[in-house]
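Report on the structure given below.
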Amino acid sequence: MDVASKKRTPERLWHIWLFFFEEKRFLYGFTAPSYHPLPSSPHRVFVGHDSIVEYHTGLTSEQFVSFKEKLSSGLFSTAVLDDGVPDVNIEIKFHQRCLQNTLGCSAVQVDTYYSMLLEEYDVSQEGVKHMMSHLWSANSFAVPENYMHRLGAFDVINLPEYSEDDQYIVDFRLPEKRDSSKLQQRNAYEIWRREDFSQDQHWAHTCLYSGDTPVSDTLHLLESGKQVLGPITVDEPFDRVEFRLFDKNGLLHHEDSTWMNQLSLDISVGHGTLEYTSPLIRRGTSVDTKKTATSLKHVHIRSRDMTNTVNMSTGQEFRKYCREMRERGKTLFQSPSPDRWFPKGVAGSLGALQHLKTLFEGHDVSKCWIVDPFFDARAAENLIPVIGVSTLELAIITNLRNVLAYRETGDSACEINPVSNLKKTLGSLKKIIHCHVTVKNIRAAPDSDEQVFHDRYVSLKKQDGNTFVYLLSNSLNAYAENYPFCMSLLSGPAAENVHDYIIKLENLTNPATGTVLHCDLNWSK
C-alpha cells in the first residue's frame, strides 16, 4: 500500500526523538520505524520553553541493530548517533514490553527501557509538571498522569508497516442509514477489512454497551477472502463499542468508541463589556500578574446561559432516569467523605480530637505534621498524650509570638509568655508522651511579632509515601470551643503545594520569600 507521505525511502528507517532538560539532563526518548526520510543532520528545537530541548535524528535498520543490542545489554548510549546530539550513557535498570495505543496506531508493541533517574534530578514538583506538560505538547500519547514513570526512559515503538498506509486495515462501522429523516437506532453493525488484509483469517471481539450497561458480547470468526461481515443485528440499541481484532499471533487492533446521544447548545445574550479597575486589580502590574489583572478588569455582561438539546438517539427519557437514579445511589451508598464538621461546644471539640487521634493512629501512617500558628500549651496537653502509637513521628510547627497572654487565677491575672509556657508544658508531659514528637516555634526573626503563616493544616504521610493534607478551620488550642470546627481533605495540585509549603516551614524556610526563619523553640522527645 502507498504511504501517505509522497517521500518514501526503500527501507524503513528508525527515527529517534530525544528530549533534554536544560540541554544536559536526559528527560525521555523514543524511536519508531518509518519510510519517511531521516533529517540530514540532528534537528534541534525548543519545545514550548527554553528549558526543554528536542532532538530529532535517526538510524538505518543496520545501525539500529547495534543500538538495540546495547539497550538489551543494559546501556542506553547516544554514541552511535550523529554528532550534535548530547552524549548520554545511562544504565538501564528495568525493561518492560507492553501493548500501547501510540502514534495513531492501537495495540502497538512497545519496549520500554527504564533508567529510573527521576529521584536524581534536582527538580521541583512545578519543574516536573513543566517538563511533562511540554513533553505532552510534543507527543500526544505522553499524557502526564500515565507517563510520569517514563521520565528518564527510552521507548522502542514497533509500529507495524500498515500504520503508514492511506487506508487502515479494519473498520467497525454502522450500516448505511437508508432514511435520513429518522434517528439511527444503532442496533446493527458491520466489520470491514481491507481487501489485501482480508485474505487472512482473523477473529473479532465486540462488546456493545448502552450507557454503562453491556447489551452484547460476541466473538466473530472473520474468514479469509471475505471482506465484510454483517450487518449483524443486536436486540438493544448501543452507543459504545469495545472492538478487538486478533490474528493467530495475538492482538492487532483495539478501539473503544462512543457515539453521541445528545448535543447541547448553550446560548446567552451579550450586553457589552465594562472595564473596571479595582484597587487590587490596579496593583497587578508585574509580569506575573498583569495577564490576570487585565482579564479581571474586563467584565463581560451577559444573560445566564440557556441550554437547548438535540437528541441524536432514542431512549433519552430512560437514559435520564438511569443517570438520576445512579446519582441517588452514589449519595446513599458511596464511601464516607473524609471531610468532617463538628458543632460548637464540648461535644464538637471532643469529636474533633477523637477524629484527629484516629487519623494519626492509622495503621499505615508513618509521620504527621501539624501546622498551626496558635498551637500552644493547651493544644499540646489535649492532643499529644492521647496518641498511643509509639512509632509515629509527629512534627508540630507553630508561630507563637511575643504577645503576652493572661490567665485568670482567682481574683488576679498573671502574665504568661506563650512560648515559655508551651516549653514548660511539654516538659511536664514528657513522661506520658508515647510517639516521637518535634515542636518548632518559628519566627521571621528573633523577637519579631510578624506572623509567618496563617492557615492551619494537618498532613499525613503513609508508609507507601503518599501524603494526605487536610485544611482546618480553627486552631487546635480550642477546636470547636468558640466556633464550629471543620476539616477538609485537599486533593490534586493544591494538596501537593500545601505539603511542599509545610516542608519548607519545617526546614525553617519562609515559603513566601525563601529567607531563613528563626526557631526559638525546637523541642523533641
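- By the 30° and 60° cut-offs, the orientation of the rings of Tyr457 relative to Tyr501 is perpendicular.
- Judged purely by atom type and a 3.5 angstrom limit, Ser61 uses its side chain to pair as donor or acceptor with the backbone of Arg12.
- Using cut-offs of 30° and 60° for the angle between ring planes, the Trp369 and His499 rings count as perpendicular.
- The shortest heavy-atom contact between Ala153 and Ser115 is N-OG, 4.4 Å.
- Asn510 CG to Thr515 OG1: the interatomic distance, rounded to the nearest 0.5 Å, is 4.5 Å.
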With side-chain contact (heavy atoms from CB on, under 4.5 Å) as the test, would you mind laying out the steps for Tyr147 and Asp155 before giving the verdict?
CA-CA 11 Å; Tyr147 248 69; Asp155 283 338; 3.3 Å; yes
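- Residues Phe468 and Leu489 have side chains in contact (heavy-atom distance under 4.5 Å, counting atoms from C-beta outward).
- Checked against the 6.0 Å centroid threshold, Tyr189 and Phe243 do not count as a close aromatic pair.
- A side-chain N or O of Glu255 and one of His253 form a donor-acceptor pair less than 3.5 Å apart.
- Summarising the geometry, atom CD1 belonging to Ile157 is positioned 12.0 Å from atom CD belonging to Gln109; distances are rounded to the nearest 0.5 Å.
- For Ser106 and Asn101, the side-chain atoms include no donor-acceptor pair closer than 3.5 Å.
- For the atom pair SG (Cys368) and CG (Leu359), the distance works out to 8.0 Å, reported to the nearest 0.5 Å.
- Contact check on Arg240 versus Asp256 returns a salt bridge, with a Lys/Arg side-chain nitrogen under 4.0 Å from an Asp/Glu carboxylate oxygen.
- The aromatic rings of Trp17 and Phe30 lie parallel to each other, their planes meeting at an angle below 30°, with 60° marking the opposite boundary.
- Atom CD of residue Glu242 and atom NE2 of residue His254 lie 5.0 Å apart, to the nearest 0.5 angstrom.
- A distance of 9.5 Å separates OH of Tyr55 from CG of Leu18, quoted to the nearest 0.5 Å.
- Side-chain atoms of His220 never come within 3.5 Å of backbone atoms of Trp203 as a donor-acceptor pair (strictly under, hydrogens ignored).
- Closest heavy-atom contact between Phe453 and Asp455: CD1-O, 3.7 Å.
- Between Val156 and Leu71 the shortest side-chain heavy-atom distance falls below 4.5 Å.
- Crowding of Asn466 atom CG: a count of heavy atoms from other residues, nucleotides or ligands under 6.0 Å exceeding 12.
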Intermediate values then yes/no, side-chain contact (heavy atoms from CB on, under 4.5 Å), Ile191 and Leu222:
CA-CA 9 Å; Ile191 300 173; Leu222 307 182; 4.0 Å; yes
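- Just one residue in the list Tyr113, Phe76, Tyr114 forms a ring pair (Phe, Tyr, Trp, His ring centres under 6.0 Å) with Phe154, and that residue is Phe76.
- Side-chain atoms of Leu471 and Val469, non-hydrogen and from C-beta on, never get closer than 4.5 Å to each other.
- For the pair Arg194/Asp165, a side-chain contact is recorded, criterion being any heavy-atom separation below 4.5 Å from C-beta on.
- In terms of modelled atom types and a separation under 3.5 Å, the side chain of Ser210 and the main chain of Thr213 share no donor-acceptor contact.
- Heavy atoms from other residues, nucleotides or ligands lying under 6.0 Å from NZ of Lys504 number 12 at most.
- Here the side chains of Leu27 and Phe20 are not in contact, with every heavy-atom distance at 4.5 Å or above.
- Inter-residue side-chain proximity for Val241 and Ser257 is flagged as met; some heavy-atom pair is nearer than 4.5 Å.
- In this structure a side-chain-to-backbone donor-acceptor pair under 3.5 Å is present from Asp247 to Asn249.
- Across all non-hydrogen atoms, the minimal contact from Val234 to Ser216 is CG1-OG, 3.9 Å.
- Smallest separation of non-hydrogen atoms from Ile502 and Ser459: CD1-CB, 3.8 Å.
- Using a 4.5 Å cut-off on side-chain heavy atoms (C-beta onward), Asp111 and His95 make contact.
- Taking 4.0 Å as the cut-off between side-chain N and carboxylate O, Lys461 and Glu506 do not count as a salt-bridged pair.
- Under the 4.5 Å side-chain criterion, counting only non-hydrogen atoms from C-beta, Arg173 is in contact with Val228.
- When atom types are taken as modelled, the side chain of Asp87 and the backbone of Thr78 share no donor-acceptor pair closer than 3.5 angstrom.
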Give the C-alpha distance, both sets of side-chain angles, the deciding distance and a yes or no for side-chain contact (heavy atoms from CB on, under 4.5 Å) between Trp192 and Ser198.
CA-CA 9 Å; Trp192 172 92; Ser198 66; over 6 Å; no
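- In this structure, NE2 on His202 lies 13.5 Å from CG on Leu229, to the nearest 0.5 angstrom.
- In terms of the side-chain contact (heavy atoms from CB on, under 4.5 Å) criterion, residue partners of Leu38 (sequence neighbours excluded) are, by chain and number, Leu13, His15.
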Evaluate the side-chain contact (heavy atoms from CB on, under 4.5 Å) criterion for residues Leu472 and Asp372: first the C-alpha distance (whole Å), next the side-chain angles of each, then the deciding distance (0.1 Å), finally the verdict.
CA-CA 9 Å; Leu472 311 182; Asp372 181 348; 5.7 Å; no
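- Cys98 and Arg150 make their closest contact through SG-NH2, 3.8 Å (heavy atoms, listed as atom of the first residue, atom of the second, distance).
- Atom CD of Glu11 sits in a crowded spot, with more than 12 heavy atoms from other residues, nucleotides or ligands closer than 6.0 Å.
- Tyr35 approaches Glu164 most closely through the heavy-atom pair N-OE1, 3.1 Å.
- Annotation for Glu223: atom CD does not count as buried by contact number, only 12 or fewer foreign heavy atoms lying within 6.0 Å.
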Is there a salt bridge (charged side-chain N to carboxylate O under 4.0 Å, His left out) between Glu91 and Lys93 once you walk through the steps?
CA-CA 6 Å; Glu91 179 187 358; Lys93 296 182 179 178; 5.6 Å; no
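- Between Tyr162 and Phe197, the ring-plane angle classifies as perpendicular under the 30° and 60° cut-offs.
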